[in-house]
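Lettering follows sequence order; numbering is per chain, from 1.
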There are 2 protein chains.
Amino acid sequence: MDPALKRWVEETALLFEAAGLPRMAGRVLAFLLVAEPAEQSAKEMGEALSASKGALSGALNLLTRLQLVERLRRPGERADRYAVRPGAWRRLLLEKARTLALYREQAEKGLALVGEARGERLREMRDLYAFFERELPKLLERFPGEA
Amino acid sequence: MDPALKRWVEETALLFEAAGLPRMAGRVLAFLLVAEPAEQSAKEMGEALSASKGALSGALNLLTRLQLVERLRRPGERADRYAVRPGAWRRLLLEKARTLALYREQAEKGLALVGEARGERLREMRDLYAFFERELPKLLERFPGEA
DNA sequence: CAGTAAGTTTTGTCAATAGTGAACTTTTGA
DNA sequence: TCAAAAGTTCACTATTGACAAAACTTACTG
């Protein structure tokens, strides 16, 4: 693999890490974004990223659960292949949007404990998250893209 | 402090941690959301949260840098007091919005390396983040609230 | 149905990070 | 100017989590 591309993968993995992914999962995702062909086997990724089978297994399962990557098998081949799913980014943001509800609910729990009267600070929190919970999915619909 | 409230603080801290704050900073912020009075000294927080001076110092500096908390001094008092800043949540989201640019830029760097022709996957990434980079600040402006 | 390749799980090691407690510096009110 | 309180910094410890390596399980292919 081109050294410049290798550096890009590592940098990108760091970004993904900041967003909450484990380091190895970030590396795999970054690699799959630029790999040729798009479908890669665990073995190939292990060589490209100098990572162990075990680490890849965990990372790939995570990325698959998150629906960022799909697992597929070419007829006649023994090994699974993996590729970034079309619409992965939209899905990632939808997922984030869903966590907004957690924040809103937590604010509401707090309000129930301290009472609405004493809850100016919590109300600000609840209202803003509720606003985004409503508006973000609408915004995503306006984005011109697939699935 | 009421045990139910104590549990709420701990739960909320966990949520904040998932969003990227260090644990202690999350506890402090959660506590400041429900504390009476709103302005609390480090000593009071140390007792309420069973935390050391040193840990509080770090957490409070972080929260102050992030502009989520403000530091103030009542005349005649020796110790600083801290309170959640009005508009803290909006500010937090604006900050997140700013990181969208990082993702877009990283996708563009990748495109420069693999070429636009081979870059369907990266283009999807770039386009979605660019879209949000444009739309999110607009959305925030529509939220009826302070600074 | 064997033999082998792929994938998962487990175990042990290592690095990173948070937090305590103590030493140190700064501030402030007398 | 002095003394005490507040705040910061540092050294150490404990916890966490990621990863490699190897043992184990599953499932394909001939």
Is any side-chain N or O of [X] closer than 4.0 Å to OP1 or OP2 of [N]?
X: A/Arg27; N: D/dC19; result: yes
X: A/Arg71; N: C/dG7; result: no
X: A/Ser57; N: C/dG7; result: no

Atom [atom1] of [X] to atom [atom2] of [N]: distance rounded to whole Å?
X: A/Lys53; N: C/dA5; atom1: NZ; atom2: C1'; answer: 8 Å
X: B/Tyr82; N: D/dT8; atom1: OH; atom2: P; answer: 6 Å
X: A/Leu72; N: C/dA6; atom1: CG; atom2: P; answer: 16 Å
X: A/Leu56; N: D/dA20; atom1: CG; atom2: P; answer: 8 Å
X: B/Arg23; N: D/dG17; atom1: CZ; atom2: P; answer: 9 Å
X: B/Leu62; N: C/dT17; atom1: CG; atom2: P; answer: 14 Å

Do B/Glu44 and B/Arg81 meet the salt-bridge criterion of a basic N to acidic O distance under 4.0 Å? yes

Assert: residue with more 5' nearest nucleotide on DNA chain D, out of A/Glu77 and A/Leu49, is A/Leu49

The residue, A/Arg78 or A/Met24, whose nearest nucleotide of DNA chain D is more 5′ is A/Met24

Partner of A/Val34 under side chain to side chain contact (heavy atoms under 4.5 Å, CB included), picked from B/Leu111, B/Val114, B/Leu113, is B/Val114

From [options], nucleotide with atom closest to [X] side chain:
X: B/Ala55; options: C/dG19, C/dG7, D/dG7; answer: C/dG19
X: A/Pro22; options: D/dA18, C/dT28, C/dG19; answer: D/dA18
X: A/Ser52; options: C/dT20, D/dG7, D/dA20; answer: D/dA20

(Q) B/Leu72 vs B/Asp80, test: side chain to side chain contact (heavy atoms under 4.5 Å, CB included). Steps then yes/no. (A) CA-CA 6 Å; B/Leu72 39 89; B/Asp80 289 341; over 6 Å; no

I'd like to know whether CZ of A/Arg118 has more than 12 heavy-atom contacts from other residues, nucleotides or ligands below 6.0 angstrom. no

